[in-house]
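Remember, it's 1-based here, ligands and their atoms both numbered in the order they're listed. All values below come from the heavy atoms of this structure, side chains included, with hydrogens, waters and symmetry mates left out.
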Amino acid sequence: MRRISVCLIAAMSGVLFGGTALAQGPTSAKDNERANALLKQMTTEEKVGQLNQPFFFPVPVPGMKTDTVSYEDRVRRGEVGSFLFLTDPKKINELQKIALTETRLHIPILFGFDVIHGFDTEWPVPIATAASWDPAQAEAGQAMAAEEAGHAGLRWSFAPMLDIARDPRWGRISEGAGEDPYLGAAMARAQVFGFQGRPGSPRPFMATIKHFAGYGAAEGGRDYDAAYISEEELQNVYLPPFRAGVEAGAGTVMSAYMDLNDVPAAGNIHLLHDLLREQMGFKGFVVSDAFAVGSLVTQGFAKDRLDAAGRGAAAGVNMDMGSGTYLENLKKLVDAGKVSQAQLDELVRPILAAKYHLGLFEHPYADATDGTHVEMLAKHRAAERTAAARTAVLLRNEGGVLPLSKSVKKVAVIGPLGNSGADMNGPWSLTAKGEDSVSVYAGIKAKLQSADVEFAEGVQIAKAFPSSFDGLFGAKLETPWSGDEAASEMKKALDLASSSDVVVMTLGELAGMDFEYSSRSSLMLPGKQQELLEKIQAMGKPVVLLLFSTRPLDLQWASEHIPAIMDCYFGGTEAGNAVADLLVGDAVPGGKLPVSWPRAAGQIPVYYAHTESHKPYDSKEFTSRYWDVETSPLYPFGYGLSYSTFTISDLKLSAKSSPVNGAIKATAMITNTGAVAADEVVQLYIHQKYGSASRPVRELKGFERVTLKPGEKREVTFTIGHDERNYWSAAKNGWVVEPSEFDVWVGDSSAATLHDSFIVAE
Ligand code: NOJ
C-alpha cells in the first residue's frame, strides 16, 4: 500500500517539478478581505497583540526569564497572536477558549511548534530524507507530521529548514537537504506540499521555510556565527530552495539569527524586503527566530529594545518570536509617529489572513484524545519503516558481506548507538517518545529470532562541552563510567565480538550532537569508538559498520579496513526494524549522499559544484590542494551502493544545438544487471563551459529514483532548458541565460562519466 501511495505522489510531482513551479500566494483574496474587515475594528493594542508570539513552557526553564503575567491573562489582554512550544491539546483548548470567549474580537490563537520530522511518529531526520532522493517521500513524511500535530491543535510548523550546508561541523546540517541547491529546492517544494497540501487540496496546516537566509554558512560551522556570502552565491546557492518554497506557497518564512554580511537577518531590509518580498514575491508573513528581534541590541545593531522593534518592523518581520520586544514597544513607536497605522496593518494583515486561511475561526480546537498518540503510531509505523530503509546509504560492501544470511547463528551488536530508541528519533524529536522507537538491537533480535543476538555498549560518548539544550528535551544524559567500569565495558564488548559470527558495530553520534548549539571542530568518531572499532576489526571477524549521525564522520581508516559500511542517519520510530530489513536484504539500500563526504575536517568545505582553478582539477599540476590528503572527497555527492548492480548507458541528446530559449532533452537507459530488485538514482549534471562568469564544474539539474527488477531496463529523460541554464551572474548583476557550450553527464553520482555536449547558439 505504502509503495503505491508514494508512486502516485511521485507521478503527481513529476508534472509540477518538471515545468516551472506554480506561483501561488499562501492566502486567498477572500482571506485578505476578511483580514481587512477585521483590521478596521482593531485598536493599536489589539493589532500589536497579534504580532506577539510568546513561548509556553509547562514548567519554568532554568535560565529563561519567566513572564510575570500568566499565560491566561496574556491571552485575556489580547496580547498573544500565537504561542510556541505548547503541545498539550487540553491546555491548547483551554487557552483557545479564553481567546474566543473572553477577548473583544474573539480572534483565535495560532499554535506553532517545531514539527521538524514527525510528532507522534518520527520520520527520518530531514538530511536522511534528502538521502532518499525521493521528494515524494519527503512530502508523505510532512503530511503525516501535519496530520499528527493537527490533532493536538497545532496548525503551524517551523519547518522545513532550507539552509544549504557545506560545512558538516555545523550541527544543524541534520535539518536540511545538504549541499546542493537543486536537491534542496526539490525537497523544499515537497515538504511545503506535505505540510500544506497541494493547490486544490489544501490541508489546514502551515509550513515555515527557514532560516532566511544564509544560516548554513556560519563561519567555521559555529552555530549562529556570522555569514559572509556574496550576492552571486546567495542567489545561485543559498536562495534556490527558498524560491522553490515560496513558489510552492509556503505560508511563513522565519528570519535567521546571524549577521549576513554584517547586517542581522532579523533587521535586514535587503533580505526580508528586496529579496524575499520584491524579488521572490512572498506574500505570507515573516516570523523572527526565537528572541531575534530583541537580539538586534545584543548584535550591536539596534540602540535599545525600542530601536530593535522599529528595525524589525521596518525590515518586515511580522511576528516577534519570544522576545516580547514588539509587545513592549510597537505602540510607543506608533504613538510617536515612527510606525504608521498603515505599516502596522501591513504587519498584521497576513497573520490574520493566515488564520482565516487555516480555518481557525471555524475550527479552532484540538481534537486529540488520550488514545490519539497510539492511534497515530499504529497508522504510520509501516510507512515510516519503509521510509527509513529508503534513506540508508551503503558506502562500502567489499566481498558482499551484506546482506547477512538469515541463518547466521550468533550476532554481536556493539556500540553506544545500538540499544537506544530515543537516539534513533534524532534531533528535534521533541514530542515523540523514546520508548515508542525501535533500537537497532531490538530490530535485529525481532528479525533474527532463531539467532543469538547480544548487545554490548563498549564505550560511552558525550560532548566535551554540553549545551543548555542537552537534557532540556528529555535527552538521556548518562552518568560517566569510572575508569574501571570503562575498562570492563570495553572488555565485555570484545569478548562478545570474539564469540560471535558477525559483529554489527553501531557507532556515530548521539542525536543531541547533531542539533542546534551542536557544532564540532573534528569529524572523528567521538570518544573511544575508533579504538573499539580497530580492536574488533583486529579479531578478523566479519564486521559491518552502521553509522548513526547526520554529519559525515572521518572514515579514512574504516573505508580501508571495514568491509561493509552503511550510513543510517537517524531513521525515526522504526529505525531499528528498517536497519534489520536492510541487514538481511529484506530491504535494499538505494539512498545517495546529499553531501560530499570529506576525508578529514581540514578539507572542509568540500563540495562538488566548485569552479575550476587556473590549473584544472584533474591535471597533475593541480595546486589548489593540500599536500597531505587526496583532493577528492572520500565519497562523492550523489554516491551510494546497492545489493544489485546497474548500468547507465546510451546517453542521447535530442539535438546538438539549441537556441537560447530552447530546450534539449537528454535520455539514458538504466538496466538492473544484478540479481535482486533494487533502486538506482539516475542523476543529470551539466557544466556551462564559458560565459559572463565561471560556472561550477558540474551542477545537478535532474534526478529520478527508479525501481527495477533484475534484468529490467528503463529509459529516463531529463529536460535541459531555460530554468536549468539560468544563473545569477555577478558580471551582469542579474539573471542570465547565455550562449555557450555545455557538458552533460548522466550517472549514479556526481562522478558520472557518461558524457555528451551541446551548443547553445545566440
Ligand atoms: C531556534 C531555532 O533556530 C529555530 O529553528 C526554531 O524554530 C526556534 N528556535 C523555535 O524552537
Colleague: Would you kindly check if the NZ (Lys) or CZ (Arg) of Arg172 is within the cone defined by 45 degrees around the ring axis of Tyr215 and under 6.0 Å from the six-membered ring centre?
Modeller: no
Colleague: Could you pull out every N or O of ligand 1 that sits under 3.5 Å from a protein N or O, with the distance for each pair?
Modeller:
residue, atom, partner, partner atom, Å
ligand 1, 3 (O), Arg172, NH1, 2.6
ligand 1, 3 (O), His211, NE2, 3.4
ligand 1, 3 (O), Asp289, OD1, 3.4
ligand 1, 3 (O), Asp289, OD2, 2.6
ligand 1, 5 (O), Arg172, NH2, 2.8
ligand 1, 5 (O), Lys210, NZ, 2.7
ligand 1, 5 (O), His211, NE2, 2.6
ligand 1, 7 (O), Asp114, OD1, 2.6
ligand 1, 7 (O), Lys210, NZ, 3.1
ligand 1, 9 (N), Asp289, OD1, 3.4
ligand 1, 11 (O), Asp114, OD2, 2.4

Colleague: Relative to each other, are the rings of Phe83 and Phe111 parallel, tilted or perpendicular (30° and 60° limits)?
Modeller: parallel
Colleague: Looking only at the side chains, is there a donor atom on one of Asp514 and Thr550 sitting less than 3.5 Å from an acceptor on the other?
Modeller: yes
Colleague: Under a 4.0 Å threshold between the charged nitrogen and the carboxylate oxygen, would Glu79 count as salt-bridged to Arg74?
Modeller: yes
Colleague: Taking the ring centre of each residue, are Tyr607 and Phe637 less than 6.0 Å apart?
Modeller: no
Colleague: So, for Tyr517 and Tyr224, is the gap between ring centers shorter than 6.0 Å?
Modeller: yes
